[in-house]
Amino acid sequence: MTNEFSLHWFRQDLRLSDNPSLNYLSQKHKRIVCVFIYDEVNCNRKLGSASKTWLHYSLLYLNNKLDNNLLIFKGNPESIFLDLIKQNKITEISWNRCYEPWRVERDKLLKKTLSKHVEVKTFNGSLLWEPWEVLKADSTPYKIFTPFYQRGCLTKQPPRKPISNNFSFFNHKIKSLSVNGLKLLDNMGWENKVVNHWEIGESFAEKQMNNFLKEGLGDYSHGRNFPNKLNVSRISPYLHWGQISPNTLWYNAEKLQQDVETINIDIFKSELGWREFFYNLMFHFPNIQSKNLQNKFDKFPWDSNDEFLKSWQKGLTGYPIIDAGMRELWKTGYMHNRLRMITGSFLVKNLLLHWQHGEKWFWDCLFDADYASNSASWQWVAGTGTDAAPYFRIFNPITQGKKFDPEGEYIKKYVPELKNIPHKYLYTPWECPSEILSEINLKLGVDYPFPVVDIKLSRAKALKAFSILKK
DNA sequence: CCTGGAGTTGTCCTA
DNA sequence: TTAGGACAACTCCAG
């Protein structure tokens, strides 16, 4: 048979550079074929709308880079691989590891099954340190970030250095689906507009990184708190899909030690460290998305109010900074980190709604939707996590708006109906005198809502609710 | 087992 | 106007 080749399975490593599995195969075999499988078997959280869209364009890009040689399937990987093995001469199969609980489970079984037929190898292509390697001296997982990162990670061997390679891909004749055949864009609604804010593909990840390292990193530690500044990396969607590796980000940031104050580099690296922490938590606490990590919160009296939830989702709470954040998400499939905290705190501690409502909404809307980071971050905001914001730490949307959007540019960008309101009332439009409102032709309750809840009262209510958890 | 220090990102009140 | 402490204790972690 002339049809002999090795197989790389693309999953959350949609890149050709710094890809350990591809690199391994290329050193061993001349002919490599790449496969992507859209797999929802035993998956307890199917891809959200934004993720499907991102994946669609990512696959188009990748297939193009591979001269249309990407094999695309939908279904159960086990039967797909067994079929491929039966019909071709496959010498070896390899992939980079995933860490979501159902994927760990699936891959373990799959490796066992496939190993009966071909050689199977797996690699670390998406984490700086493996979750089972970062443990306390007593072999139990860390629950607190600082010791996890400082002691657990930084005293270990430094992360793998990025590798670069050029691959030549085997021009096979195997039939498979097209990207469109996966029907990832079936809805043809919201996603198609939102995606215009992004350029999707490996080279754009690199472009985004270079832009950030040049323009954002220099004032990262301070500027990253301001949603209207360009100091955050905005690289999370690429990182989630592996269009860039954390290793590449880590070492490229480190390279700038001569030009950039150490604190900025250290804080950026520690943000990558947070991502490691979240993956570590997910690995050791696989229920992270469905269960409070602090189970005393199981008896917390969450409210249930569809109107509140809808107003939050649509950015119609009457608090300008909250609404700006929620509309940024709706419009661009992304939300600045500061706003994720403010809007998250508001949902959980002012509207008193369960954090899982927020987790689900973000999962559906965010291009960077990531099982580990999303779940762990919501648990952090809600105070239910292992290393969480204390419950009495409740963000005040008025104060936060004034502090982190002092010119109101971010608010006006996403809540344009407030663009003519005097700055004095931008953060509290309900306090604006009626003669000014009619002068600027703004009808509160019609053009822009009154606040859904009172900040002081709802805060007090939350503190009271939390107090029953004591002891 | 004991001990002491520490824990991402805040707010509010008081002096 | 501003700086400092209270908020609430508890668990985690390392020596």
Side-chain angles (χ1 to χ4, degrees), chain A residues 134-156 219-227 229 231-233 236 263-278 280-281 284-285 292-297 300 319 321-322 325 335-350 355 372-374 376-406 410 427-428 454-471:
Chain A
V134 184
L135 296 169
K136 289 182 293 181
D138 66 357
S139 301
T140 62
Y142 282 99
K143 293 179 167 181
I144 304 293
F145 173 72
T146 305
F148 165 83
Y149 182 60
Q150 298 293 341
R151 189 57 89 100
C153 297
L154 293 185
T155 60
K156 283 227 158 22
D219 190 32
Y220 186 69
S221 82
H222 174 73
R224 75 197 186 93
N225 286 303
F226 297 82
K229 291 188 177 180
N231 288 102
V232 293
S233 73
S236 45
I263 175 110
N264 294 307
I265 295 174
D266 285 349
I267 291 187
F268 178 65
K269 282 167 142 185
S270 82
E271 294 301 318
L272 293 173
W274 274 93
R275 177 173 175 273
E276 300 287 313
F277 183 52
F278 294 153
N280 193 279
L281 285 178
H284 295 287
F285 305 95
N292 296 313
L293 291 175
Q294 290 183 49
N295 54 22
K296 71 175 179 191
F297 277 89
F300 185 86
Y319 288 98
I321 195 74
I322 304 287
M335 196 195 294
H336 186 280
N337 174 253
R338 168 65 43 181
L339 271 298
R340 296 190 197 200
M341 291 190 290
I342 305 174
T343 58
S345 171
F346 188 80
L347 180 81
V348 172
K349 297 178 181 181
N350 293 107
W355 60 266
S373 298
N374 195 40
S377 298
W378 272 100
Q379 296 232 27
W380 180 86
V381 165
T384 64
T386 53
D387 177 15
Y391 75 77
F392 56 82
R393 187 175 293 161
I394 300 174
F395 287 71
N396 181 322
I398 303 160
T399 315
Q400 288 282 314
K402 288 179 181 166
K403 205 165 165 186
F404 295 110
D405 186 27
Y410 178 78
Y427 307 94
T428 51
D454 178 273
I455 275 302
K456 275 204 163 71
L457 292 178
S458 59
R459 181 180 195 272
K461 193 177 165 193
L463 286 173
K464 200 177 164 199
F466 279 114
S467 72
I468 71 157
L469 302 182
K470 277 181 220 162
K471 194 166 57 144

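Quantities reported herein were computed from a predicted structural model and do not represent experimental measurements. Numbered from 1 within each chain, the chains take letters A, B, ... in sequence-line order.
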Measure from [atom1] on [X] to [atom2] on [N] and round the result to the nearest Å.
X: A/Phe148; N: C/dT11; atom1: CZ; atom2: P; value: 23 Å
X: A/Arg224; N: B/dT8; atom1: CZ; atom2: P; value: 13 Å
X: A/Tyr149; N: B/dT8; atom1: OH; atom2: P; value: 13 Å
X: A/Phe268; N: B/dT9; atom1: CZ; atom2: P; value: 20 Å
X: A/Leu293; N: C/dC12; atom1: CG; atom2: C1'; value: 14 Å
X: A/Lys403; N: B/dG10; atom1: NZ; atom2: C1'; value: 7 Å
X: A/Tyr142; N: B/dA6; atom1: OH; atom2: P; value: 17 Å
X: A/Gln150; N: C/dC13; atom1: CD; atom2: P; value: 14 Å

Donor-acceptor contact below 3.5 Å, side chain [X] vs main chain [Y]:
X: A/Tyr142; Y: A/Arg151; answer: no
X: A/His336; Y: A/Arg224; answer: yes
X: A/Ser345; Y: A/Met341; answer: no
X: A/Lys349; Y: A/Arg393; answer: yes
X: A/Asp405; Y: A/Tyr410; answer: yes
X: A/Asp387; Y: A/Phe145; answer: yes

[atom1] atoms of [N] and [M], separation to the nearest Å:
N: C/dA14; M: B/dT8; atom1: P; result: 13 Å
N: B/dT11; M: C/dC10; atom1: P; result: 25 Å
N: B/dT9; M: C/dC13; atom1: C1'; result: 22 Å
N: B/dG10; M: C/dT11; atom1: P; result: 25 Å

Return the orientation label for the A/Phe148 and A/Phe277 ring planes: parallel under 30°, perpendicular over 60°, tilted otherwise.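 Answer is tilted, since the angle falls between 30° and 60°.
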
Given C/dG15, is OP1 or OP2 found less than 4.0 Å from the side-chain N or O atoms of A/Arg151? yes

Please check the phosphate of B/dT9 (OP1 and OP2 only) for any side-chain N or O of A/Asn337 closer than 4.0 Å.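 False: A/Asn337 side-chain N/O out of range (4.0 Å or more) of B/dT9 OP1/OP2.
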
Check every atom of [options] against the side chain of [X] and return the nucleotide holding the closest atom.
X: A/Asn396; options: B/dC12, C/dC12, B/dT9; answer: B/dC12
X: A/Phe395; options: B/dT8, B/dC12, B/dT9; answer: B/dT9
X: A/Thr399; options: B/dG10, C/dC12, B/dC12; answer: B/dC12
X: A/Gln400; options: B/dG10, B/dT9, C/dC13; answer: B/dG10
X: A/Arg393; options: B/dG7, B/dT9, C/dA14; answer: B/dT9

Hey, would you say the A/Tyr319 and A/Phe346 ring centroids sit under 6.0 Å apart?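 Yes - the distance between ring centres of A/Tyr319 and A/Phe346 falls below the 6.0 Å cut-off.
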
Would A/Phe145 count as stacking on B/dT8 if stacking means ring centres less than 5.5 angstrom apart and planes tilted under 30 degrees?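 The base of B/dT8 is not stacked with A/Phe145 (the test needs centres under 5.5 Å and planes under 30°).
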
Could you tell me whether [X] contacts a base, only the sugar-phosphate backbone, or nothing, with contacts defined as non-hydrogen atoms closer than 4.0 Å?
X: A/Gln294; value: nothing
X: A/Asp138; value: nothing
X: A/Leu463; value: nothing

Given pairs defined as Watson-Crick or G-U wobble with both distances under 3.5 Å, what dot-bracket annotation applies to DNA chain C, with ( ) intrastrand, [ ] crossing, | other strand and . unpaired? .||||||..||||||

